[in-house]
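This is a predicted model, so every value here is computed, not measured. Chain naming here is simple, since letters A, B, ... match the order of the sequence lines and numbering starts at 1 in each.
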There are 2 protein chains.
Amino acid sequence: MGVTIKKIAEDLNLAVSTVSKALRDSHEISADTKARVFEYATKINYSPNPYASSLKGRRSRNIAVVVPEVSDSFFSEAINGIEEVAQREGYHVMIYLTHEDGKQEQAIVNDLGNGRVDGILISVAAGATDHDHFDDVKLPLVFFDRVREDIPSTRIVTNDYESGYNAVKHLISRGCRRIAFLSAFGGLNIIRYRREGYLQALKDHGIDVKNCPIVSCTNNESENLRILTQVLDHTERPDSIIGSVEKVTMQAYVACHELNLSIPVDIKVVGFSHLQIASLLNPSLTTITQPAYEMGRAAATALFKTLSKKKLDVVNEQIEIPSVLIERASTR
Amino acid sequence: MGVTIKKIAEDLNLAVSTVSKALRDSHEISADTKARVFEYATKINYSPNPYASSLKGRRSRNIAVVVPEVSDSFFSEAINGIEEVAQREGYHVMIYLTHEDGKQEQAIVNDLGNGRVDGILISVAAGATDHDHFDDVKLPLVFFDRVREDIPSTRIVTNDYESGYNAVKHLISRGCRRIAFLSAFGGLNIIRYRREGYLQALKDHGIDVKNCPIVSCTNNESENLRILTQVLDHTERPDSIIGSVEKVTMQAYVACHELNLSIPVDIKVVGFSHLQIASLLNPSLTTITQPAYEMGRAAATALFKTLSKKKLDVVNEQIEIPSVLIERASTR
DNA sequence: GTTATTTACGAAACCGTTTTCGTAAAATGG
DNA sequence: CCATTTTACGAAAACGGTTTCGTAAATAAC
């Protein structure tokens, strides 16, 4: 249907191969033939069929972005960064949502192996129990934020351990001694590191760990509210909360509002988040803000660096971009 | 590299065409041959090369989603809906961000014409001045939210006029008489309709329009803060604000905070938004919540309906999914 | 038992591009 | 002026499927 090389060749009395080479600026084609071809091609608005090129060249110029969800501000900002780099490099971005479901993640990743994309950027699902579905992926793989450390690949992370540590340090400096940690659903590494940083900081500052509950949240909002209410609704309650992901932090806000606990008077809150409107919350939220945009850019850049090589092996390295603690009213 | 039909054919002593037909469950292949092929194919984990199929069949099973940005909660929720439908239908979603830039939108749409995708879902950029770059698009096109009415295509919209009207009605019922309308950047239809609903409601309720400024916001945050401060920082200021998009509503919050105006005592605010955390804002925000997820689903469904037909013409119709006004503390 | 039809498969063309290889003509070398 | 290299192009074979068409064998029809 569209205008093809064949049509150009016929109209210009040239061979198909000549036109193809001219368009790719081959040295075997004379300057004026190239000029003739270019001129005519732009005139009739020629655009190469991507499938033919991909079929022959084994390059699709597509990349896949596999994330748990897109309505989390961290992921949407990361996608923003990824898309910018991709567009500049002439790549196309395909997006897949796992909804934190390991099975679905597996199905998606498997489906990607047939050449539809040249590489994958992924932040793994929290509900990924099955741990072998990356083994037979032959595509270059770059993990960002939620990484798999047992797989040789590039990993773009933030300083989760340190951030957990700093959150505690910050709360202690505000007089807190009963610091709760809200663990997110699933067994994600990033949560584990944040928790370990939290625990180490408690230890280093001589805080009694017995008063510092680690609350395991689920993937269900109302269930979490029930759990949080249970933790907060008694006199021995914590004097501060660290939300390990955006969602549970928001749920902690809801629980405090419902229990008429005043933030930051009755309880202080700091949350891992990327919300640009954290400052507009009631009260404005002290956040550990992850460099989502930069992590997206870094992940995409790492992938394209690999794709530009002959050998499609992602270098096995870890790139850390630090988060920053932004103090607001919730810990004042 | 991967396992191909040819390999299956050789290993099973069949012709390539036989294998192809068997895999597509053709009636010309006997039941036991089909069984043999299926079994072997699954055993060696065969997956068809999408480029070969697309090249021959002129179907890519890809669709493009072109949106201004992904960090706006409306668009991220819409993408969520789109992706769900697409995944169910076996389609792949390519995402493109225009950053409200008409030129970039044009470049993206042009680049999509060569068959990389089978159809396009688009919400047009606010900065689209050039109005002819959809004319030569031969792909099925479905607009959602920000539509182009002069182009025959399916349009998924919400009741913008009515919502603008209802926002005013709600504020009037709360005693407001000096109602400001914050227009968003660009000449979007949706903003115009919301504004027209706003104006009609003022008229119908006998409100003096002179006290109801229409504030033209820009695409620049600090510039908007300057403008908003100018509007709010005097005694004759409005007693209420309608934010026509999420961003300017949030900026109005910031401006009020900076000017120490108490919401809702000094000024009431209602905003077009999809924020799930609107209830956590300071104070919780009365929103006109657009059915983002449903609009995404509807847009994708309409597109796939077209793609399943022989004739690839999108029906020229408009589907309206109503928004709902959710009352919260900002207008109490 | 002969002819007509159906069944089950294979050969080959095709989708649009890239790439290898072959080869006249032109340019260069001695 | 003849031998060799370079230049500029064309023919054809891929890439991995799908689809049309042809055709033996099996079955049905009469």
For B/Ala107, give me all partners under side chain to side chain contact (heavy atoms under 4.5 Å, CB included), at least two apart in sequence or on another chain. none
Using a strict heavy-atom distance below 4.0 Å, which residues from residues 36-48 of chain A are in contact with DNA chain C? A/Tyr46, A/Pro48
Check each residue of residues 11-22 of chain B for a non-hydrogen atom within less than 4.0 Å of any atom in DNA chain D, then write out the ones that pass by number, or none. B/Val16, B/Ser17, B/Ser20, B/Lys21
In whole Å, what is the span from the CZ atom of A/Arg116 to the C1' atom of D/dG16? 14 Å
B/Arg61: which residues meet the salt bridge (charged side-chain N to carboxylate O under 4.0 Å, His left out) condition with it, sequence neighbours left out? none
Contacts of B/Phe143 meeting ring pair (Phe, Tyr, Trp, His ring centres under 6.0 Å) (sequence neighbours excluded), chain-then-number -> B/Phe134
Whole-Å gap separating P (D/dG17) and NZ (B/Lys7): 13 Å
Note the angle between the end axes of the helix from C/dT5-D/dA26 to C/dG30-D/dC1, five pairs defining each, rounded to 10 degrees. 50°
Closest-nucleotide ordering on DNA chain D, the 5'-leading residue of B/Glu28 and B/Leu55: B/Leu55
Ion pair check, B/Asp101 and B/Lys103, cut-off under 4.0 Å: no
Please output the side-chain donor-acceptor pairs of residues 34-42 of chain A that fall under 3.5 Å, not counting sequence neighbours, one pair per line with the distance.
from    : atom 1 : to      : atom 2 : distance (Å)
A/Lys34 : NZ     : A/Asp25 : OD1    : 3.1
A/Lys34 : NZ     : A/Ser26 : O      : 2.9
A/Tyr40 : OH     : A/Asp11 : OD2    : 2.4
A/Thr42 : OG1    : A/Phe38 : O      : 3.0
A/Thr42 : OG1    : A/Glu39 : O      : 2.8

Listed by chain and number, what are the side chain to side chain contact (heavy atoms under 4.5 Å, CB included) partners of A/Asn45, not counting sequence neighbours? none
Using the side chain to side chain contact (heavy atoms under 4.5 Å, CB included) criterion, which residues pair with B/Asn316? Sequence neighbours excluded. B/Pro152, B/Arg155
Applying a 4.0 Å non-hydrogen cut-off, can you work out what B/Ser54 is touching in the nucleic acid: base, sugar-phosphate, or nothing? nothing
Rounded to whole Å, please give me the gap between CD1 in A/Ile29 and P in D/dT6. 18 Å
Determine: side-chain N/O of A/Arg24 to OP1/OP2 of C/dT19, distance under 4.0 Å, yes or no. yes
Output side-chain donor-acceptor pairs under 3.5 Å for residues 46-53 of chain A, partner residues at least two apart or in another chain, one line each.
from    : atom 1 : to       : atom 2 : distance (Å)
A/Ser47 : OG     : B/Asn114 : ND2    : 3.0
A/Asn49 : OD1    : A/Tyr51  : N      : 2.7
A/Asn49 : OD1    : A/Ala52  : N      : 3.1
A/Tyr51 : OH     : B/Ser60  : OG     : 3.4
A/Tyr51 : OH     : B/Gly115 : O      : 3.0
A/Tyr51 : OH     : B/Arg116 : O      : 2.5
A/Ser53 : OG     : A/Asn49  : O      : 3.2

Check the distance between D/dC9's C1' and A/Asp32's CG and give it to me in whole angstrom. 12 Å
Tell me if the aromatic rings of A/Phe75 and A/His274 count as close, with their centers under 6.0 Å from one another. no
According to side chain to side chain contact (heavy atoms under 4.5 Å, CB included), who are the partners of B/Ala78, at least two apart in sequence or on a separate chain? B/Phe144
If you check every side-chain atom of B/Ile5, which of D/dA8, C/dG16, D/dT18 has the closest atom? D/dT18
For DNA chain C, whose closest nucleotide is more 5', that of B/Lys56 or that of B/Lys34? B/Lys34
Between B/Asn49 (CG) and C/dG16 (P), how many Å, whole number? 16 Å
Whole angstrom is fine here: how far is it from NZ in A/Lys6 over to P in D/dG10? 16 Å
Can you pull the salt bridge (charged side-chain N to carboxylate O under 4.0 Å, His left out) pairs that have at least one residue in residues 68-97 of chain B, sequence neighbours excluded? B/Glu69-B/Lys247, B/Glu84-B/Arg297
